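What follows is one structure encoded as structure tokens, with my remarks underneath.
Indexing begins at 1, ligand by ligand and atom by atom, following the structure's order. Bear in mind that the values here come from a model prediction, so they are computed numbers and not experimental data.
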Amino acid sequence: MSYVSEVLANVIAKNPGETEFHQAAKEVLEALEPVVEKHPEYRKNALLERLTEPDRQIMFRVPWIDDKGVPHVNRGFRVQFNNAIGPYKGGLRLHPSVNLGIIKFLGFEQIFKNSLTGLPIGGGKGGSDFDPKGKSDREVFEFCRSFMTELYKYIGADVDVPAGDIGTGAREIGYMYGTYKKITGLYEGVLTGKGLSYGGSLARTEATGYGLVYLTEEMLKAHGSSLKGKTVAVSGAGNVAIYAVEKAYALGAKPVTMSDSTGWIYDPDGIDLKAVKEIKEVKRGRLSEYKAFRPKSEYSTSGHVWQVKCDVALPCATQNELNLDDAKALVKNKVTAVAEGANMPTTPEATEYLIKSGVLFAPGKAANAGGVATSALEMSQNSQRLNWTFEEVDAKLHGIMVGIYRQAAAAAEEYGHKDNLVYGANIAGFTKVANAMLAQGIQ
Ligand code: NDP
């Protein structure tokens with residue numbers, strides 16, 4: 001049995017039922033097969049065993065009281081996966097589907113993504129099965145305060161710096177930051193995604209979506225093409241999707257779809273982003289309201305955006321939202337590139353099919369790393385007690401995304417998988433962390 005198969009079998013046996021974590025571990029470890037073969041020192045130092053076991057996983061009770069006076073209990077999580085190259089860093093997901101396996105898959109992915117940014121940040125992730133949807137501001141505040149009343153013990157500007165993710169936006173970060181400050185008395189950059197008036201960074205809101213499009217453009221450029229004039233299918237209508245659509249327009253493309261958890265829209269004339277921002281960012285509403293802004297558009301609750309003819313597909317909602325049938329539909333419609341804005345949105349079978357069909361494919365850990373990279377830039381600004389301009393941050397983000405593409409492409413080529421960024425991103429992200437772990441001894 002190969003070293004990778006041995007470790008993978010052990011991960012599955014030791015973490016029963018954590019299917020998303022198994023899926024992420026399998027994808028990463030299988031890509032590392034040629035690297036561990038070339039470097040026997042990794043096996044000698046139990047590197048993969050240590051890498052797949054989080055430094056610690058914290059689970060806690062989050063009690064809160066709703067507007068009717070009824071108490072509720074949610075479960076909070078923080079998985080501190082690996083801090084070989086810097087403090088733990090990764091978002092907090094608030095969604096009813098959240099469980100330990102999902103947080104561990106996200107935390108594990110985060111190690112390699114953060115490494116790829118070239119910035120000194122380790123990997124972690126957290127969240128809760130709390131659903132902020134339909135809750136009043138007071139209820140969300142109650143939850144956030146209760147959540148942070150426990151979480152504050154484990155985080156700090158040089159220890160672990162959480163951020164937003166699904167369900168955790170500026171409002172939630174604000175409530176959590178206020179609670180952290182109240183309990184500890186510290187005004188420090190312990191969370192990122194903060195409001196601009198209290199330590200947030202310009203361009204952080206836009207960063208993941210913009211970064212995704214910068215990387216997609218770089219990938220197309222390397223193959224003699226560009227986004228200009230391309231039709232783009234986007235899923236999701238949250239933070240990542242909205243700013244991916246905005247930047248895609250800026251580079252001359254035409255985004256024609258978006259989706260939320262109840263349905264999706266197709267607007268053949270191009271998405272009216274102002275309308276989507278009004279519905280999602282201002283009113284926290286549903287995409288079913290879009291037709292009122294654009295009568296010629298279509299709204300559907302069955303099927304998926306991937307049925308629509310497009311040149312480029314950007315899945316930006318959630319994990320496993322693009323399956324093999326979707327991939328077949330995309331290929332049939334002659335898609336040329338798929339870049340993941342969400343974390344692990346493409347199932348392994350779909351990824352394999354797309355790559356085999358000659359579609360350029362950028363995995364999330366490379367393509368959506370712009371968010372965490374800009375979070376790290378927010379940490380730098382907080383440490384310096386300075387604010388950089390939008391243009392400064394955006395230029396750094398662009399440079400980082402181009403760098404990620406080049407690193408991943410070079411690593412893929414070095415190990416005989418030219419143009420396969422799944423291999424490239426995993427190998428490049430892994431190598432830096434692995435070497436830091438080797439240098440620090442068996443800890
Ligand atoms: P948001 O909560 O802002 O938006 C998520 C969007 O996806 C919403 O439109 C939501 O629909 C939809 N969605 C969420 N869950 C499901 C589901 N189970 N089925 C169908 N649709 C769903 O989150 P973000 O945009 O921040 O995050 C999207 C993805 O990008 C996630 O995978 C996240 O981990 C990843 N990511 C985010 C980063 C960031 O900086 N924000 C950084 C890197 C990765 P609805 O409107 O109905 O809730």
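- In this structure a side-chain-to-backbone donor-acceptor pair under 3.5 Å is present from K280 to G285.
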| field | Trace of the side chain to side chain donor-acceptor pair (under 3.5 Å) decision for R204 with T374 | value | CA-CA 6 Å; R204 173 61 189 92; T374 308; 5.9 Å; no

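- Taking every non-hydrogen atom of S259 and a distance limit under 4.0 Å, the qualifying atoms of ligand 1 come out as 9 (O).
- Listed by atom number, the atoms of ligand 1 under 4.0 Å from R286 heavy atoms are 45 (P), 47 (O).
- Near H95, the atoms of ligand 1 lying under 4.0 angstrom from a non-hydrogen atom of the residue are 15 (N).
- Using 4.0 Å as the threshold, Q319 has no heavy atom nearer than that to any atom of ligand 1.
- Residue contacts with ligand 1 include K280, since one or more of its heavy atoms lies under 4.0 Å from the ligand.
- Ring centroids of Y88 and F81 are separated by 6.0 Å or more, keeping the two rings apart.
- For E281 (side chain) and E278 (main-chain N/O), no donor-acceptor pair under 3.5 Å exists by modelled atom type.
- Here A163 has no heavy atoms under 4.0 Å from ligand 1, in either its backbone or its side chain.
- For atom 19 (N) of ligand 1, the closest heavy atom belonging to the protein is T318 CG2, 3.9 Å.
- Counting heavy atoms closer than 4.0 Å to ligand 1, residue R204 contributes side-chain atoms (C-beta onward) but none from N, CA, C or O.
- Under the 4.0 Å criterion applied to side-chain N and carboxylate O atoms, E150 and K153 are assigned as salt-bridge partners.
- The distance from ligand 1 to the heavy atoms of G167 drops below 4.0 Å at these ligand atoms: 2 (O).
- Every atom of ligand 1 with a heavy atom of G341 under 4.0 Å away is listed here by number and element: 30 (O), 35 (C), 44 (C).
- Looking only at distances, no side-chain donor or acceptor of T208 sits under 3.5 Å from a matching main-chain atom of G370.
- The shell of residues lying under 4.0 angstrom from ligand 1, judged by heavy atoms, includes N343.
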Taking only distance into account, with no hydrogens and no angle test, what donor-acceptor pairs under 3.5 Å do side-chain atoms of residues 102-113 form with protein atoms, sequence neighbours excluded?
residue	atom	partner	partner atom	Å
K104	NZ	N15	OD1	2.7
K104	NZ	E18	OE1	2.8
K104	NZ	Q57	OE1	3.4
E109	OE1	K365	NZ	3.4
E109	OE2	K365	NZ	3.3
Q110	NE2	N114	OD1	3.0
K113	NZ	N343	OD1	2.7
K113	NZ	N368	OD1	2.6

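- Only the side chain of R93 comes within 4.0 Å of ligand 1, judged by heavy-atom distances.
- Side-chain N or O atoms of E352 include none that pairs as donor or acceptor with a backbone N or O of E349 at under 3.5 Å.
- Heavy-atom proximity to atom 1 (P) of ligand 1, evaluated over S235, G238, G169, P96, is greatest for G238.
- The protein non-hydrogen atom at the shortest distance from atom 37 (C) of ligand 1 is V240 CG2, 3.4 Å.
- In this structure, NZ on K332 lies 11.0 Å from CD on Q307, to the nearest 0.5 angstrom.
- N239 CB, 3.8 Å is the protein heavy atom nearest to atom 26 (O) of ligand 1.
- What sits closest to atom 9 (O) of ligand 1 on the protein, heavy atoms only, is A237 N, 2.9 Å.
- A centroid separation of 6.0 Å or more is found between the aromatic rings of Y353 and F361.
- For atom 33 (C) of ligand 1, the nearest non-hydrogen atom of the protein is D165 OD1, 3.1 Å.
- The protein atom (non-hydrogen) at minimum distance from atom 27 (O) of ligand 1 is I166 CG1, 3.7 Å.
- Looking at every heavy atom in both residues, L116 comes nearest to A366 through CD1-CA, 4.0 Å.
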| request: Please assess S261 against K133 for the test side chain to side chain donor-acceptor pair (under 3.5 Å), listing each intermediate value before the final yes or no. | output: CA-CA 11 Å; S261 45; K133 237 179 262 158; 3.3 Å; yes

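- If you check which protein heavy atom lies closest to atom 45 (P) of ligand 1, you get S261 OG, 3.5 Å.
- Under 4.0 Å from ligand 1, not a single heavy atom of P345 appears.
- Ring centers of F60 and F147: under 6.0 Å apart, within the cut-off.
- For atom 12 (C) of ligand 1, the closest non-hydrogen atom of the protein is A317 CB, 4.0 Å.
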